[in-house]
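In what follows, residues are counted from 1 in the order of the sequence shown.
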Amino acid sequence: MSPAQGDDGASAVTRLGRILLVDDQAQNRDMLGRRLERRGYEVVLRESAVGIEDVIANENIELVLLDWMMPERSGHDALIGIRSRHDAEHVPVIVVTALDDGDIVSTALEAGANDYIPKPIDLRVLTARVKAQLDRRQAVFNLDAIRNDLERTVEARTQDLRSVNETLWAEISEREAAEARAQSLARHDPLTGLANRRHFLEDLDRRLSLVGEEAIAFSLLFVDLDRFKPINDVHGHAIGDELLQVIATRLSNCLRDDSFAARLGGDEFAVLLEGPGGRDGVAAAARRILHELSAPILVNGLKLTVGASIGIALCPEDGRSAADLLQRGDAAMLRAKEDRGAYKFFDSSIDEELKSKAALETELRTAIPSGDIVPYFQPVLRLDTGELAGFEVLARWPHRERGMISPTHFIPVAEEAGLVDAMFWALLAQACSKALDAPGNFTLAVNISPSQIRDQWFPEKVLRTLRETGFPAQRLEIEVTESAMIGDIQRAKLALMSLKNQGVKIALDDFGTGYSSLFLLRALPIDKLKIDRSFVSTLTADRENATIVGALVGLGKALGLEVTAEGVEDEATAEALRAMGCNLAQGYLFGAAIEFPHYSVVEERATA
């Protein structure tokens, strides 16, 4: 691309920096490249991260904008490759990701990213962060130049130290000041001014080295904001950045001079708390932080309320190493998030839970590729005829030693460990193969996660699985919840439409428990509504629920959609649903989930 001039940019003759933009999406790549050029940057475009280490060297690249999710070579692998040849001070990398996920951001920063920005990109935020990184890079080069000049000066003037003593000391002072500035940039978060993760870990190690036999030497507080993400999504990243700056100021004002606050990334902060008072003193400090962060914040005329949850690990009681304190503080924070706006101390019950989860995660990593997580099939029947319409696929783990492990135990662990995607594809392939071997032309329904609906390659992966197993697309039904699509309706629409065009049916799951948006029913290619069991199970005893279910059934019929009621456990409920005109139902009345998709009305009802 060549430099260009636009209404919103700098003149073409102004050279602000040479940027490598790596994005496999041509539209995103070209649009962002043009806008950066209008602001005076030289932009080199690449659609793949393959070989970008050489591009950086050959094209004299000063900064890299790197898309995190790419098919040929992931952003994570590319980042590791860049850092093997180019350090973060001389070639800054800003990661661009569509997944505003704390784990992804943490992984990127630990792999050597200087900063990150989520999609959709706010150009004002991007240009500010690009400028900050290029300014820091220039400061590093200036420091290098100062060091080189100083060394040449010292060597040239060694023979006449007396005459140049004053000049030499001035240059040494200048060097020290420049190094101090560079160190400050490298150890602080550019947005909030708080210490960054690197500085936090250094200070944590320093404090650990001083720990003696005190009951509580210091405490580590993990502070995670409760409602930052929806505010950021609704009002944009510029508002989100200002909000984080106010949060950082309030957090710092809560602490004594001997305590220490840092921004670890995204909306996660940490505090190293010194001072007397034991557990009561730590608890009082945590309450003070929660009080300050829960107070409304005015940003650009908007009154925003965030709030936070805090997990606390005590040193040395909860550990004498950084790894132990970080793990246990994070675990306590996750326990506090269950109540929101609360603080929790780490205790033995959390420790046992951590060990159990860790052991379960280790087994899951082997069980999924080994095919030990298997599909079970819950029958879905037509209420008017009692005939089988299809099955919903459910994950089950018949453990060789512990027997059947409940999905309520292993699925949350899989979600936290990032194993849900691998488990889904393994289950889909198994379920399709088993269904092909079973008699009948029934439908197979599978649930998908929010991360999958945001995956641009999801439709192609589904169709590839169908081709490999030979299962007809017309017999597959994808179930997706409303909440999974709210973040990016357009992307969800494109993904679901791609599948629908190939014959796959789309069901809106748990309808009535989320946004219950009529806009979604109009905007998305929905074939079926599934009414959540929380309404259906009390249908005959709760008149209000009966009214809601009747309204949902009527809505589905008016829109020409099939309607499935979940959680049907007795004949009275089934009869009430028939009277409302509900097409389909599933639940223990018709049988529990079974290992193979074979169904006999008499046998399954007797078993149920």
Side-chain angles (χ1 to χ4, degrees), residues 28 32 65-69 75 94-109 113-130 132-133 189-194 196-197 222-251 261-270 289-290 292-310 333-334 336-337 340-341 449-451 453-455 481-492 514-515 517:
N28 296 343
L32 187 56
L65 286 174
L66 180 64
D67 191 23
W68 191 251
M69 301 293 290
I94 298 177
V95 166
V96 181
T97 173
L99 306 179
D100 197 3
D101 184 298
D103 290 338
I104 289 178
V105 172
S106 175
T107 300
L109 295 175
N114 298 71
D115 205 347
Y116 82 101
I117 186 164
K119 294 179 181 179
I121 294 174
D122 186 320
L123 193 58
R124 293 172 300 169
V125 176
L126 175 63
T127 53
R129 294 185 180 183
V130 167
Q133 293 299 331
D189 174 46
L191 177 64
T192 63
L194 293 179
N196 59 15
R197 179 181 289 271
F222 264 98
V223 182
D224 190 85
L225 304 184
D226 286 338
R227 289 176 290 276
F228 175 76
K229 186 179 185 303
I231 292 174
N232 204 43
D233 290 342
V234 171
H235 298 292
H237 298 292
I239 295 295
D241 284 353
E242 288 190 49
L243 187 61
L244 289 172
Q245 290 170 340
V246 176
I247 292 290
T249 300
R250 289 189 177 184
L251 183 60
R263 181 187 177 209
L264 301 185
D267 59 354
E268 190 174 78
F269 298 80
I289 292 171
L290 290 177
E292 288 296 321
L293 300 190
S294 66
I297 298 172
L298 283 174
V299 178
N300 285 6
L302 298 169
K303 189 176 183 180
L304 306 173
T305 303
V306 183
S309 299
I310 299 177
M333 183 271 292
L334 292 175
K337 292 287 279 186
R340 290 199 175 237
S449 67
S451 62
I453 199 66
R454 291 193 293 265
D455 180 3
T481 62
E482 297 170 274
S483 57
M485 298 180 286
I486 288 300
D488 193 342
I489 298 292
Q490 191 57 35
R491 173 166 288 192
Y515 298 88
S517 171

Review point. Please walk me through it: do L293 and V306 pass side-chain contact (heavy atoms from CB on, under 4.5 Å)?
Key: CA-CA 7 Å; L293 300 190; V306 183; over 6 Å; no
Exercise for review: Mind running side-chain contact (heavy atoms from CB on, under 4.5 Å) on V299 and H235 for me, showing each step along the way?
Suggested key: CA-CA 10 Å; V299 178; H235 298 292; over 6 Å; no
Restricting to non-hydrogen atoms, name the atom on [X] and the atom on [Y] that form the minimum distance, rounded to 0.1 Å.
X	Y	answer
G265	L109	CA-CD1, 4.5 Å
A113	V95	CB-CG2, 3.8 Å
N232	G240	OD1-CA, 3.3 Å

Exercise for review: Apply the side-chain contact (heavy atoms from CB on, under 4.5 Å) test between I247 and each candidate in L225, L194, V223, T192; give the one that qualifies.
Suggested key: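 Per the side-chain contact (heavy atoms from CB on, under 4.5 Å) rule, the option paired with I247 is L225, out of L225, L194, V223, T192.
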Rounded at 0.5 Å granularity, tell me how far [atom1] in [X] sits from [atom2] in [Y].
X	Y	atom1	atom2	value
H237	L123	NE2	CG	12.5 Å
D224	D267	CG	CG	5.0 Å
L244	D189	CG	CG	8.5 Å
L191	D115	CG	CG	8.0 Å
L304	L243	CG	CG	6.0 Å
R197	E268	CZ	CD	6.5 Å

So, does [X] use its side chain to make a donor-acceptor pair with the main chain of [Y] at under 3.5 Å?
X	Y	result
R491	R454	yes
S294	L290	yes
R263	G266	yes

**Study point:** side chain to side chain donor-acceptor pair (under 3.5 Å) partners of residues 299-308, not counting sequence neighbours, each pair once
**Key:**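 Listed once each, the pairs would be none.
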Review point. Please walk me through it: do N28 and V96 pass side-chain contact (heavy atoms from CB on, under 4.5 Å)?
Key: CA-CA 11 Å; N28 296 343; V96 181; over 6 Å; no
Check your understanding: Is it the case that S309 and D226 place a side-chain donor and acceptor less than 3.5 Å from each other?
Key ->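 Checked: S309/D226 side chains pair up, N/O donor to acceptor below 3.5 Å.
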Exercise for review: Keeping to residues at least two apart or across chains, list the salt bridge (Lys or Arg N to Asp or Glu O under 4.0 Å) pairs with something in residues 234-246.
Suggested key: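 Passing the test, one end in residues 234-246: R129-D241.
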